[in-house]
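Structure record follows, encoded as structure tokens.
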Amino acid sequence: MVEITIDGNVYEAEEGATILEVAREHRVDIPTLCYLREINEIGACRVCLVEVEGIDHLVAACNNEVTDGMVVYTDTPRVRRARVANLQLILSRHDRRCPTCFRNGTCQLQALTDRMGVHEVPYTTFFETKPIDARFPLVREPEKCVNCLRCVSTCQKVQALGVWDLVDSGSRAHVDAVAPDDCAFCGQCIANCPTGALHERDDTERVFDAIFDPDTITIAQVAPAVRSSWAELLDLGGKPPTPGRMVAAIRRLGFDYVFDTDFAADVTIMEEASELIEHLKEGAEGPMFTSCCPGWVRFAKTRYPELAKKLSTTKSPQQIFGALAKTYYAEILGVDPAKIFVVSYMPCVAKKMEAAYPGMDSTGTGPDVDAVLSVRELTRQLRQRFVNVDLLEEEDFDRPLGVATGAGHIFGVTGGVMEAALRTAYNFVTGENPDADAFHEIRSEGPERGWREKGFQLPDRTLRIAVASGLANADALCRAIERGEASYDFVEVMACPGGCVGGGGQPIIEGFNLSADRGCTLRIIDEQSELRFSHENPAVKACYDDFLGEPLSERAEELLHSDHGD
Ligand code: HC0
Ligand code: SF4
């Protein structure tokens with residue numbers, strides 16, 4: 001331990017801790033812009049400068065370690081002047097059209113400018129405005145980039161990709177996409193961008209057009225993880241942000257039907273558990289991999305093409321929902337599928353890409369999923385329609401595609417797809433249900449080697465499974481499998497840390513990582529569900545009885561399986 005004095009107060013601190021860490025631990029606020037704990041501690045923005053006795057120049061608090069006897073001042077006129085000047089220099093190269101920016105209200109640069117009382121920029125303002133290329137799910141506005149390098153570090157360290165880097169030098173230095181083809185569209189760069197320089201393609205207007213068209217039947221599906229985060233940036237006046245209130249809010253947008261992606265997650269399990277049993281029976285080499293995360297699927301196909309051949313062919317719940325909405329449900333309604341417009345609310349950016357995969361058109365009338373919106377886009381839509389969310393009472397999903405089990409709800413948290421699949425696979429093998437929590441060890445904290453591995457005893461064999469989230473962890477896992485250092489029967493990978501609860505399309509709240517809390521919410525919803533096994537979902541059973549036949553039937557293969565965009 002060392003002793004450090006900050007603004008006249010003496011604190012004990014761990015050796016190796018930074019000035020910023022010690023200050024924050026004791027509620028001494030030091031502003032930051034480029035700082036991301038353990039990911040980007042590079043002192044690039046110079047907004048966290050402090051004065052240290054005995055050192056002539058000001059030092060960045062985020063990447064200077066405390067030493068015994070250090071005396072730090074965080075709020076002197078010199079510190080304030082320097083921080084303000086540095087912020088003004090950043091602002092001089094920033095397109096400051098805040099009112100029309102997607103991050104208006106959640107931008108860290110905007111918040112700091114206000115917090116630090118900066119009301120003018122005395123430097124010449126210059127930036128180049130480039131037209132937005134709206135073809136891609138991920139959009140970059142370089143004139144809003146502050147060169148904080150948070151996207152660069154996140155992409156490299158958390159996702160083992162190197163899409164972004166700093167190019168050119170001196171005053172021309174700027175961030176650019178240096179390996180765009182490697183992008184998994186996970187959106188983690190967006191989730192960690194402090195400004196509006198990175199955001200998802202906005203599809204809200206297209207959805208409003210469909211809602212206001214009297215000849216179009218609009219159907220919303222809501223992903224598992226959305227129910228854990230949908231109200232984070234809304235004021236519910238103290239009411240709990242339950243799934244029921246979420247349904248009421250989305251219905252107010254004007255949809256004809258509000259359904260649940262988790263119904264389709266239960267269908268995914270019927271197919272994927274059956275596929276797993278076939279895979280085990282065949283004694284096939286290597287594991288079967290889950291395929292419901294398009295970020296992971298794209299990563300596997302570009303980085304590990306041999307392993308990608310072992311991806312489950314079952315479509316993701318989003319795509320299964322779209323296919324069933326335009327076939328099974330169109331038949332129930334007795335309407336032409338061309339009249340149906342399916343909108344997904346997802347915590348994800350990559351789902352925009354998945355919906356556009358070639359072949360995801362089950363009826364020949366257009367994509368099964370017509371538009372995919374992030375939770376941020378949902379928040380904006382609710383604001384734009386002036387929905388008073390604090391007045392909403394709870395409402396149920398519509399039926400039958402709104403009926404789901406606890407197994408479907410946990411898809412949104414790392415390990416959930418695996419656990420849901422094992423609950424049903426066990427039943428398919430033995431004819432009996434296991435305890436619903438029999439596979440809870442999958443949830444155990446702390447990846448051992450960047451991933452979690454377990455062995456589960458089925459009546460006739462031990463099933464070896466692994467679960468990874470975050471592509472750097474997935475990368476380590478794939479390498480171990482390829483080198484023969486690890487061997488499994490079934491592997492779940494989600495691209496975002498913590499699974500979809502940590503998705504790149506979730507609300508952004510600077511300084512908070514809410515994915516663990518959101519994961520707990522989904523686990524609780526599962527525990528409180530009346531039905532916790534996908535194969536017991538009455539709406540899923542009816543769908544098989546009346547329309548699909550058996551899992552892996554010809555019709556199921558045709559509508560619910562795919563090579564994921566090849
Ligand atoms: Fe997910 Fe999904 S769990 S990928 O994170 O499988 O986006 O929430 O909707 O499709 O269900 C995202 C979340 C989904 C799908 C489901 C899966
Ligand atoms: Fe999308 Fe979920 Fe995959 Fe992240 S983990 S890329 S949110 S599907």
Side-chain angles (χ1 to χ4, degrees), residues 137-138 158-159 161 183-191 200 220-230 243 246 259-269 271-272 289-300 311-312 314-324 342 344-355 357 360 368-369 372-376 378 401 404-405 407-421 467-471 473-474 492-506 515 518-519 521-522 525-526 534 560 562 564:
L138 195 150
V158 181
Q159 299 300 63
L161 299 165
C183 183
F185 298 108
C186 65
Q188 286 302 311
C189 53
I190 298 176
E200 67 276 36
Q221 61 161 320
V222 192
V226 176
R227 70 210 65 207
S228 69
S229 63
W230 70 280
M246 173 190 74
F259 286 137
D260 201 348
T261 308
D262 304 14
F263 159 84
D266 283 331
V267 178
T268 294
I269 288 303
E271 298 295 319
E272 199 159 330
F289 290 94
T290 58
S291 60
C292 49
C293 166
W296 149 242
V297 167
R298 193 168 153 98
F299 177 85
L311 285 165
S312 155
T314 305
K315 285 182 188 173
S316 75
Q318 159 167 284
Q319 293 309 129
I320 285 188
F321 182 92
L324 290 176
V342 173
S344 307
Y345 286 103
M346 295 277 145
C348 182
V349 176
K351 290 275 168 194
K352 289 181 189 259
M353 163 189 76
E354 184 187 60
Y357 282 166
M360 295 292 183
D368 294 332
V369 174
V372 180
L373 302 193
S374 67
V375 184
R376 296 186 287 267
L378 169 61
L401 307 194
T405 71
H409 301 320
I410 51 172
F411 263 57
V413 55
T414 174
V417 180
M418 173 66 73
E419 195 171 344
V467 171
S469 73
L471 290 175
N473 291 332
E492 178 204 295
V493 181
M494 302 304 276
C496 295
C500 294
V501 286
Q506 293 280 33
S515 64
R518 295 170 187 152
T521 302
L522 295 188
I525 294 176
D526 168 36
S534 298
L560 312 183
S562 137
H564 314 295

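When a ligand or atom number is given, it counts from 1 through the structure's own listing order. Model, not experiment: these values are computed from the prediction.
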Notebook entry, point to check: What distance do Ser515 atom OG and Gln506 atom CD have between them, rounded to the nearest 0.5 Å?
Noted result: 9.0 Å

Next item on the list: Decide, counting backbone as well as side-chain atoms, whether Cys348 has an N, O or S atom less than 2.8 Å from atom 1 (Fe) of ligand 1.
Entry: no

Notebook entry, point to check: What is the nearest protein non-hydrogen atom to atom 1 (Fe) of ligand 1, stated with its residue, atom name and distance?
Noted result: Cys500 SG, 2.5 Å

Margin query: For Trp230 and Tyr345, I'd like to know if the aromatic rings sit close, meaning centre-to-centre distance below 6.0 Å.
Written below: no

Note to self: Could you tell me if the side chain of Leu324 sits less than 4.5 Å from the side chain of Leu560, heavy atoms only?
What the structure shows: yes

Checklist line | Closest to atom 2 (Fe) of ligand 1 among Pro317, Cys293, Ser291 (heavy-atom distance) | finding: Pro317

Check: Less than 4.5 Å apart, any side-chain heavy atom of Leu471 and any of Arg298?
Finding: no

Next item on the list: Find the distance between CG (Leu401) and OG1 (Thr261) and round it off to the nearest 0.5 Å.
Entry: 10.5 Å

Item checked: Ligand-side contact atoms (ligand 1) for residue partner Phe411, heavy atom cut-off under 4.0 Å -> 3 (S), 6 (O), 11 (O), 16 (C), 17 (C)

Margin query: Under 4.0 Å from a heavy atom of Pro224: which atoms of ligand 1 are those, numbered in the order shown and with their elements?
Written below: 3 (S), 8 (O), 9 (O), 11 (O), 13 (C), 14 (C), 16 (C)

Note to self: What's the separation between atom CD in Glu272 and atom OG in Ser534, rounded to the nearest 0.5 Å?
What the structure shows: 10.5 Å

Check: Where's the contact between Met494 and ligand 1, heavy-atom distance under 4.0 Å: side chain, backbone, both or neither?
Finding: side chain

Margin query: I'd like to know if the side chain of Gln319 pairs up with that of Ser562 as donor and acceptor (distance under 3.5 Å, no hydrogens or angles considered).
Written below: no

Next item on the list: With heavy atoms of Cys348 as the reference, note each atom of ligand 2 found under 4.0 Å away.
Entry: 1 (Fe), 6 (S), 7 (S), 8 (S)

Note to self: Just to confirm my output: which protein heavy-atom neighbour is closest to atom 2 (Fe) of ligand 2, and how far is it?
What the structure shows: Cys500 SG, 2.4 Å

Item checked: Distance filter under 4.0 Å to Gly503 heavy atoms, resulting ligand 2 atoms -> 7 (S)

Item checked: Criterion side-chain contact (heavy atoms from CB on, under 4.5 Å) against Phe411, the qualifying member of Asp526, Leu522, Thr268, Thr290 -> Thr268

Check: So does Cys293 have any N/O/S atom less than 2.8 Å away from atom 3 (Fe) of ligand 2?
Finding: yes

Notebook entry, point to check: Taking N or O atoms only and a 3.5 Å limit, does Thr261 qualify as a polar contact for ligand 1?
Noted result: no

Note to self: Using a strict threshold of under 4.0 Å (side-chain N to carboxylate O), is an ion pair present between Glu200 and Arg376?
What the structure shows: yes

Check: Atoms of ligand 1 less than 4.0 Å from Pro347 heavy atoms?
Finding: 7 (O), 8 (O), 12 (C), 13 (C)

Check: Which of the numbered atoms in ligand 2 are below 4.0 angstrom from a heavy atom of Pro347?
Finding: 7 (S)

Item checked: Nitrogen or oxygen atoms of Val417 and ligand 1 under 3.5 Å apart -> no

Item checked: Met494 CE to Cys293 SG distance, which is reported to the nearest 0.5 Å -> 5.0 Å

Margin query: If I apply the N/O under 3.5 Å rule, does Lys351 come out as touching ligand 1?
Written below: yes

Check: Is it true that a side-chain atom of Ser344 and a backbone atom of Met346 form a donor plus acceptor pair closer than 3.5 Å?
Finding: no

Margin query: Return the closest protein heavy atom for atom 9 (O) of ligand 1 as residue, atom name and distance.
Written below: Ala223 CB, 3.1 Å

Notebook entry, point to check: When rounded to the nearest 0.5 angstrom, what is the spacing between NZ in Lys315 and CD in Glu271?
Noted result: 11.0 Å

Margin query: Show me which atoms of ligand 1 lie under 4.0 Å from any heavy atom of Cys292.
Written below: 4 (S), 6 (O), 17 (C)

Margin query: What protein heavy atom lies closest to atom 8 (O) of ligand 1? Include the residue and the distance to one decimal.
Written below: Ala225 N, 2.7 Å

Next item on the list: Give the atoms of ligand 2, by number and element, whose distance to some non-hydrogen atom of Met494 is under 4.0 Å.
Entry: 5 (S)

Next item on the list: Would you mind running through ligand 2 and noting each atom that sits below 4.0 Å from a heavy atom of Pro294?
Entry: 8 (S)

Checklist line | Proximal ligand 2 atoms for Cys496, defined as those under 4.0 Å from one of its heavy atoms | finding: 4 (Fe), 5 (S), 6 (S), 7 (S)

Checklist line | Ligand-side contact atoms (ligand 1) for residue partner Gln318, heavy atom cut-off under 4.0 Å | finding: 10 (O), 15 (C)

Notebook entry, point to check: What distance do Leu311 atom CG and His564 atom NE2 have between them, rounded to the nearest 0.5 Å?
Noted result: 5.5 Å

